[in-house]
Amino acid sequence: MSQILRVEGLYKTFGHGDIFRDVSFTLDSGETIGLFGMSGSGKSTLGRCIVGLERCTSGKIYFEGDDVSTVPKKMRPLLRTKMQMIFQHPEISFDPRRRLIDSVTEPLVYHTKQDQQDVFRSLFPLIEAVGLHHQLFEKYPGQLSGGELQRAMMVRIYSLSPKLIVADEPTSMLDMSVQAQVLNLMKDLQQKNNTACVFISHDPEVMQIMCDRIGIITDGTCTLVEKEEFDDWVSYMGS
Amino acid sequence: MSETVHIAILRGLSISWEKYDWYHRLKERRDLQIVFVCIIIVFVLSLCAPLLTGQNPNSQDLRGKNQGPSLDHLLGTDYLGRDLFARVMYGLQTSLGIAGTTILISFVIGVSIGSLSGYLGGWVDNCIARIIDLFLAFPSIILALALMLLMGSGILNMIMMLTIVQWASFARLIRGQVLSEKNQDYVLSSRAAGLPGWWIVTKHILPNCIMPVIVLATMDIGHTILTISTLSFLGIGIPPAIPEWGSMINSGLPYMRIAPFNVIIPGLMITCVTLLFNIAGEGLRDITNPLADNEGSL
Amino acid sequence: MNSILEVTDLNVSFPTRNGVIHASQQVSFRISKGKSCVLVGETGSGKSVIGQSVLRLLPQKSIISGSIRYKGLDILTLSEEEFSHLRGREISLVPQNPSASLDPLMKCGDQIAESVELRGVKKSSVTEEVLHILSNLRFLDPVRVSLSLPSRLSGGMRQRVATGIALASKPQFLVLDEPTKGLDYAARTSTIDILHHIKANRQDTQLLITHDLDLAHRIGDTMGVLYSGELVEFGPVNEIFSNPLHPYTKGLISALPRNGMKPIPGSCPGFLNLPKGCYFHKRCPHPCARGEDVHPEICDISEERQVRCHRFSA
């Protein structure tokens, strides 16, 4: 088990206040850490900062031991592919006017300069693993359900063989049974590929199933707790 | 709204580019079918002007000046004996040619600058946005007048000057669209996949937000024709030898009583063509936008 | 018959370019006075369509057949003008997605006041009535909420304001369309509490449409489970939760995280190209031979319970 991610002292301020302060934790490969908080607690922003889609005001992020800010520009795209993100709204996670086959093969086509059909064929085992049929990818995102889109998104993400996945409330817009499908699938793929995961959610029951450790975000601070403590904390908050 | 409606809308949004959907919406709109056919006719006419009339629009016949319609001259002649019908046809070529070229060039310039500004953000965007605001702050006619007086008349100068006046409105529109589109999840997803900025803008962002700008461009063709005509009417812009509707009105005014066609026909043509393009612009928006409530502007 | 609402053989279809969507097929149920009936279903089950049918808010292109009797009167046969006297007054809707259904430029208090004024309350008493409604919704500072724009409030608070607008007309029949959709855990819990509080204090009849099983369990008296436009199970809420009969109902309950988050394999057939036999056949953990070709009818198990499954039909 190697350490994939280490964040130290992450701060993000926005105008008058802090979105989050002094966030620090480590994450090993295959491990899942949860970021739990209510709407507006800053957990999504934290997730985007970890993946590099937003910049923190201060603090350091180490990916596989290297400080991400010191990575040379040429290596940055490749570094990006190792840290992927899955979003909350499946219907807008794909370019609405391109077929899924284009969207799903795009990253690999760009990075490896291969032909789209070759890339798509190489993704067949992954497509089967997520329980979709490759004919489905001829459709446009608007023609698919939320659950199918999230699964297609996993094909795209895992096509890049990431070491870390940040999941930002991936199932909060999905129905219960679809959520069960998608989350079970995520866990499965994560175990098979030994991927580390930062799982962001506001649903404590889902956190209890998906995560090994949980960071509770309240008022901008992140408190790390173990699963058992989290259970107690949730029952306490519920009363 | 129920999920069924939501799904239907999303479906519409993502496949509105398929000819299938355009075609179906167009099929339901008889008014738009007529409009688009008319536009095609107008374009064909402008290209075929020399074929439609045997008369030379510039050959003067001072003895036959200010005549009414006759077999030789379908709409009569102007104050220099030139055939009105020929001048109107050649005038269409002039107006549409200049307007079309102007819109095309200013579209390319405006979209490039605006989308660059919107995507880059930060101080670059601030600077460019202020420049766009500056250009938009001047009333276009005044700006056009000033530039023409500076640069002199002539077709090329006119195109250049109209482009300078026009590009900013495209830039502002596309910038606004890009600013909101770049925060969508699918753009973030592309960034997370390590795709470079130029790839994301050209392949993802622009195709998703270019439609309103194209619609604006269609509507602006009509507006530009009006501007050209106004400037010619004011006596600046096109050299008087080249037939142009605005200058035809200008020169026909003194003879309004005896030869009213010289003023009415060009005026009517300006109105019709402008109206046609305006309606086409709105129609294009309706066809490509599945969320439009418009029952039909005609 | 003590039923306030009686839906009989409701069929709703939408003709589309790709075929006819049968969003609702032969749905029948009734709600007794003072009771809450919950329609549970996922995306693609057609539950929202039923709510819209009761309020006659379906798009023009829809084809409706069957009857919906409100206090004995078939509201589907009423003219728009006749029904408009009922809608928004006796029959009220709490719409889903309060962020979209509240006017973003109007203060919350004014939006509730609009509904209060419809009742004919004197102008001078309107403000007092609005504050009364807001405090009943457990707002700690009703005055501040009344003067705020919706954008200043959290998702859960907006949901409460939308509920307030519906309640302001003192309806006798309330339709709640996905009141907890899109809300985070804390807002969901407080919304469920509020709705429970409202139900306990009022005598109105409710039709609740949701995919949230916790909400259904807490608020509902009777419950109907919808799948691909049909009712597959109906009965008292507690009975269904303690002893679910239809395999889909069982699957939904097991899919909850606290019950182990067991997924139901496959996906919903949608509304187009529905299979000939049982709609759930391909996903059923105990598929029967009959289910492949023969479509099961809904049948009564007991006086209050119905199930649409070959294993239970005589």
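Computed from a prediction, not measured in an experiment: that's the story for all the values here. Hydrogens, waters and symmetry mates are skipped; everything else that's a heavy atom, side chains included, is used. All chains are named by letter (A, B, ...) in the order of the sequence lines, taking the proteins before the strands, and each is independently numbered beginning at 1.
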Note each donor-acceptor pair with a separation under 3.5 Å, taking one atom from chain C and one from chain A.
from: E42(C); atom 1: OE1; to: S177(A); atom 2: OG; distance (Å): 2.7
from: E42(C); atom 1: OE2; to: S177(A); atom 2: N; distance (Å): 3.0
from: E42(C); atom 1: OE2; to: S177(A); atom 2: OG; distance (Å): 2.9
from: T43(C); atom 1: N; to: D175(A); atom 2: OD2; distance (Å): 2.6
from: T43(C); atom 1: OG1; to: D175(A); atom 2: OD1; distance (Å): 3.3
from: T43(C); atom 1: OG1; to: D175(A); atom 2: OD2; distance (Å): 2.7
from: D184(C); atom 1: OD2; to: S39(A); atom 2: N; distance (Å): 2.8
from: D184(C); atom 1: OD2; to: S39(A); atom 2: OG; distance (Å): 2.7
from: Y185(C); atom 1: N; to: H202(A); atom 2: ND1; distance (Å): 3.1
from: R258(C); atom 1: NE; to: E205(A); atom 2: OE2; distance (Å): 3.3
from: R258(C); atom 1: NH2; to: E205(A); atom 2: OE2; distance (Å): 3.0
from: M261(C); atom 1: O; to: N184(A); atom 2: ND2; distance (Å): 2.8
from: I264(C); atom 1: O; to: Q181(A); atom 2: NE2; distance (Å): 3.0
from: G266(C); atom 1: O; to: Q181(A); atom 2: NE2; distance (Å): 2.8

>> Taking side-chain contact (heavy atoms from CB on, under 4.5 Å) as the definition, give me every residue that meets it alongside C278(C), ordered by chain and number, with sequence neighbours left out.
In response: F280(C), H281(C), P296(C)
> Are F199(A) and F36(A) an aromatic pair by the rule of ring centers under 6.0 Å?
Replying inline: no
> Is there a side-chain contact between L183(A) and V206(A) (heavy atoms, below 4.5 Å)?
Replying inline: yes
> Is the shortest distance from a Lys or Arg side-chain nitrogen in R308(C) or E233(C) to a carboxylate oxygen in the other one below 4.0 Å?
Replying inline: no
>> Counting only non-hydrogen atoms closer than 4.5 Å, does M176(A) touch chain C with its backbone (N, CA, C, O), its side chain (CB onward), both, or neither?
In response: both
>> Using the side-chain contact (heavy atoms from CB on, under 4.5 Å) criterion, which residues pair with P125(A)? Sequence neighbours excluded.
In response: none
> Which bit of L183(C) is near chain A, if near means a heavy-atom gap under 4.5 Å: side chain, backbone, both or neither?
Replying inline: backbone
>> I'd like to check the side-chain contact (heavy atoms from CB on, under 4.5 Å) partners of E239(C); sequence neighbours left out, ordered by chain and number.
In response: P236(C), E304(C), R305(C)
> So which heavy atom on V155(A) is nearest to which on F137(A), and how close?
Replying inline: CG2-CZ, 4.3 Å
